[in-house]
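All residue numbers in this chain count up from 1 along the given sequence. Atoms considered below: every heavy atom in the structure, side chains included; atoms not considered: hydrogens, waters and symmetry mates.
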Amino acid sequence: MFHNYFFLKRLAPDLGKKLKGQSLLECFSQNKDELILGFGDQDRSFYIRANLDPNVSLLSFPEDFARAGKNSVDLFSELLDKEVTSVSVFEFERSFQIKLGEDALIFKMHGRRANILHSKNNEVVSLFRKNLSPDFAIVPDELNKKIEVSESELVKHNYDPTSLIPALGKETKIYLEQDGFYEKGNEEKWKRFNQLLNQLNHNPIYLHSEPFVSLLKPSDEQTDSAIEATNWLYNKTVRGFYFEKERNQAINKLKQRIKKSESYISKTRSKLQQVECARSPEEIANILMANLNSLQTGLSKAVLHDFYNDEPIEIKLNRELSPQKNAENLYRKAKNRHQEIDALNENIAAKEKLIDRLSRQILHIDELSDAKELRKYLKEHGLAQKEKVKEENLPYHEFEFDGWQILLGKHAKANDELTLKVANKNDLWLHAKDVAGSHVVVRQKPGQNFPTHIIEKAAALAAANSKRKTDTLCPVIYTLKKFVRKAKGAPAGQVIVEKEEVVMVEPKIL
């Protein structure tokens, strides 16, 4: 019932007592859909915090408010230093205004379409939520609804109070239905209607734990202060709303990662099946070796006897290589094929393990009920939202994969800066083997080993940003950064690597 006319009818005079004679000293926004107004005089100050997020749309009145040092913008600056002359509610309307001489700030508390309007001489001149442009057509004086509250008028509206006074709202209509109002006789309806208005005007403000405030439904907690009730509702609602929003964002992010992992497993299994079912390069090489005497250099293909299947087979050849060299290439591909199969199986196992971990994290987050516990858990598990950093002046591009931070050098000089100045000694360092390319660094997580699928992912990125980016498979070396050093006078990007290991990957960007 916070947006109800009868609640605002109580709030406006309470605000008037606080604000009359004070001046508007600051007015700014530092979050989308939130406006902060600071009033004060020589003795005291008073703030209005208007959160007009369509899903929240509430006010609060903190005694003080610390403005952020950045990311805030001044608004309604033409009203600064003007003195508050009155605060009033519009008759039978879910809006109130703070008058500052000829100017006024109109608080239109219409739920999802709530807005704050600056009016002057009965004309709206600017809006806080500019996307609600129809609000420019509002004529402030016409917001006052002229409604005659009498039995004859109630009769004209078929004894329906919410038809006579739309400002009563849906909540009052539900209350009347539950009270059996519409089943009563006409005389009783008129009597009960007057009782309803008396309740709305004089009942305490009831505070319910759900949370919501009511002028009709009793509860153990109550207050006569509309400002106190507004602050109570704001704190309860906003904290709960943003906690749920943050928790749902974390869960949805994990679900998206599970979906991507499941898709990866499906594609990888399909690829694994293709590799395993394809004709072994080793068998083709054996057929070539068995027929070396009948082959010569310069052939682009040869039809030979396949002694595995006892039938002819056409084998494509590199005409620039001897038959023996063609066979050697096939043996090398066979070796890489075994490595590829092993890598694919390892990746599938890693993803299945990841899905299990992410599923358990979702269950844990879903059970949390405190914002501090949630943020602590997200931070400890690398799930916290990171503030976006501008990359213009950074020597690297930054990626995130399964909670691991991966850095990619932008160019040769940037590679040196990334490896020698940015990377820590226990970060993982990767580079495509024996060719020019970008340095890649995976940030270490204290107490955790680098998972195989993370090494594979970072290696694929290194391969995709190297001279081998068009190869089917690319060897990539990796080691801890502490085993990478720069020789004196070496060209930009060139380093000496010790104790490296090699992984075969398909070049692929993240």
Side-chain angles (χ1 to χ4, degrees), residues 1-20 24 27 29 33-37 39 46-61 75-76 79 82 84-147 149 162 164-173 197 200-201 205 212-213 215 226-227 229-231 233-234 237:
M1 190 168 274
F2 172 75
H3 295 142
N4 183 281
Y5 156 71
F6 289 91
F7 183 88
L8 298 179
K9 185 179 176 182
R10 299 192 191 195
L11 179 62
D14 283 1
L15 289 178
K17 293 175 184 177
K18 294 281 188 180
L19 293 176
K20 191 172 182 180
L24 180 62
C27 183
S29 177
D33 295 328
E34 182 182 75
L35 183 67
I36 310 298
L37 301 106
F39 300 85
F46 187 82
Y47 283 85
I48 298 178
R49 181 177 191 169
N51 187 326
L52 302 186
D53 184 304
N55 296 303
V56 181
S57 188
L58 291 174
L59 305 177
S60 70
F61 310 104
L75 297 171
F76 299 131
L79 299 178
K82 293 195 174 185
V84 176
T85 53
S86 66
V87 181
S88 60
V89 66
F90 292 96
E91 284 295 312
F92 298 109
E93 165 61 40
R94 295 179 297 162
S95 302
F96 67 94
Q97 65 178 341
I98 299 174
K99 291 284 288 182
L100 301 105
E102 295 180 345
D103 298 273
L105 283 171
I106 298 174
F107 289 71
K108 190 190 77 167
M109 306 307 297
H110 286 200
R112 297 182 65 85
R113 299 186 64 81
N115 203 357
I116 297 176
L117 295 61
H118 170 207
S119 71
K120 186 169 186 175
N121 297 324
N122 202 34
E123 180 182 356
V124 175
V125 294
S126 61
L127 308 175
F128 171 54
R129 292 180 65 194
K130 294 180 175 58
N131 60 309
L132 299 179
S133 56
D135 287 350
F136 276 112
I138 291 175
V139 179
D141 283 353
E142 294 178 1
L143 288 175
N144 287 302
K145 305 293 190 301
K146 296 179 180 180
I147 298 176
V149 180
T162 58
L164 173 62
I165 308 175
L168 289 172
K170 294 179 181 179
E171 191 175 347
T172 304
K173 187 175 182 66
L197 295 179
L200 290 170
N201 284 313
I205 302 172
F212 69 93
V213 298
L215 298 176
I227 288 178
T230 303
N231 284 336
L233 182 63
Y234 182 93
T237 303

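Listed here is the closest heavy atom pair of N4 and A167: ND2-O, 3.3 Å. For the residue pair V213 and A229, the shortest heavy atom distance occurs at CG1-O, 4.2 Å. The nearest pair of heavy atoms linking R113 to L132 is O-CD1, 3.5 Å. Of all heavy-atom pairs spanning L19 and V84, the tightest one is O-CB, 3.4 Å. In terms of heavy-atom proximity, A12 sits nearest to V87 at O-CG1, 3.4 Å. Residues I116 and A50 share a closest heavy-atom pair of CD1-CB, 3.7 Å.
Contacts of R94 classified as salt bridge (Lys or Arg N to Asp or Glu O under 4.0 Å), with partners at least two apart in sequence or in another chain: none. Under the rule for a side chain to side chain donor-acceptor pair (under 3.5 Å), the partners of E93 that lie at least two apart in sequence or sit in another chain are S95, H110, K145. Y47 is linked by a ring pair (Phe, Tyr, Trp, His ring centres under 6.0 Å) to nothing, counting only residues two or more places apart in sequence or in another chain. Contacts of S88 classified as side chain to side chain donor-acceptor pair (under 3.5 Å), with partners at least two apart in sequence or in another chain: none. With sequence neighbours excluded, no residue forms a ring pair (Phe, Tyr, Trp, His ring centres under 6.0 Å) with F39. Annotation: side chain to side chain donor-acceptor pair (under 3.5 Å) contacts of S86 (sequence neighbours excluded): none. By the ring pair (Phe, Tyr, Trp, His ring centres under 6.0 Å) test, F92 pairs with Y5, sequence neighbours left out. Legend: residues meeting salt bridge (Lys or Arg N to Asp or Glu O under 4.0 Å) with D53, ordered by chain and number and at least two apart, are absent. By the side chain to side chain donor-acceptor pair (under 3.5 Å) test, R49 is found to be paired with E34, Y234, residues two or more places apart in sequence or in another chain being considered. Not counting sequence neighbours, the partners of S126 by the side chain to side chain contact (heavy atoms under 4.5 Å, CB included) test are F76, E78, H118. With sequence neighbours left out, F90 forms a ring pair (Phe, Tyr, Trp, His ring centres under 6.0 Å) with no residue at all.
Within the 3.5 Å criterion, the main-chain N or O of K99 finds a donor-acceptor partner in the side chain of T85. Looking at R129, its side chain never comes within 3.5 Å of a backbone N or O of D33 through a donor-acceptor pair. Under the 3.5 Å distance criterion, the side-chain polar atoms of N231 are matched with a main-chain donor or acceptor of F61.
L79 places none of its side-chain heavy atoms less than 4.5 Å from the side chain of C27. Between L143 and Q97 the shortest side-chain heavy-atom distance does not fall below 4.5 Å.
Within a 6.0 Å radius of NZ in K173, more than 12 heavy atoms belonging to other residues, nucleotides or ligands are found. Residue-environment remark: CD (E91) exceeds the threshold of 12 foreign heavy atoms within 6.0 Å.
Residue pairs satisfying the side chain to side chain donor-acceptor pair (under 3.5 Å) criterion with at least one member in residues 7-20, sequence neighbours excluded, are listed as follows: K9-N201.
In this structure, CG on L15 lies 7.5 Å from OG1 on T230, to the nearest 0.5 angstrom.
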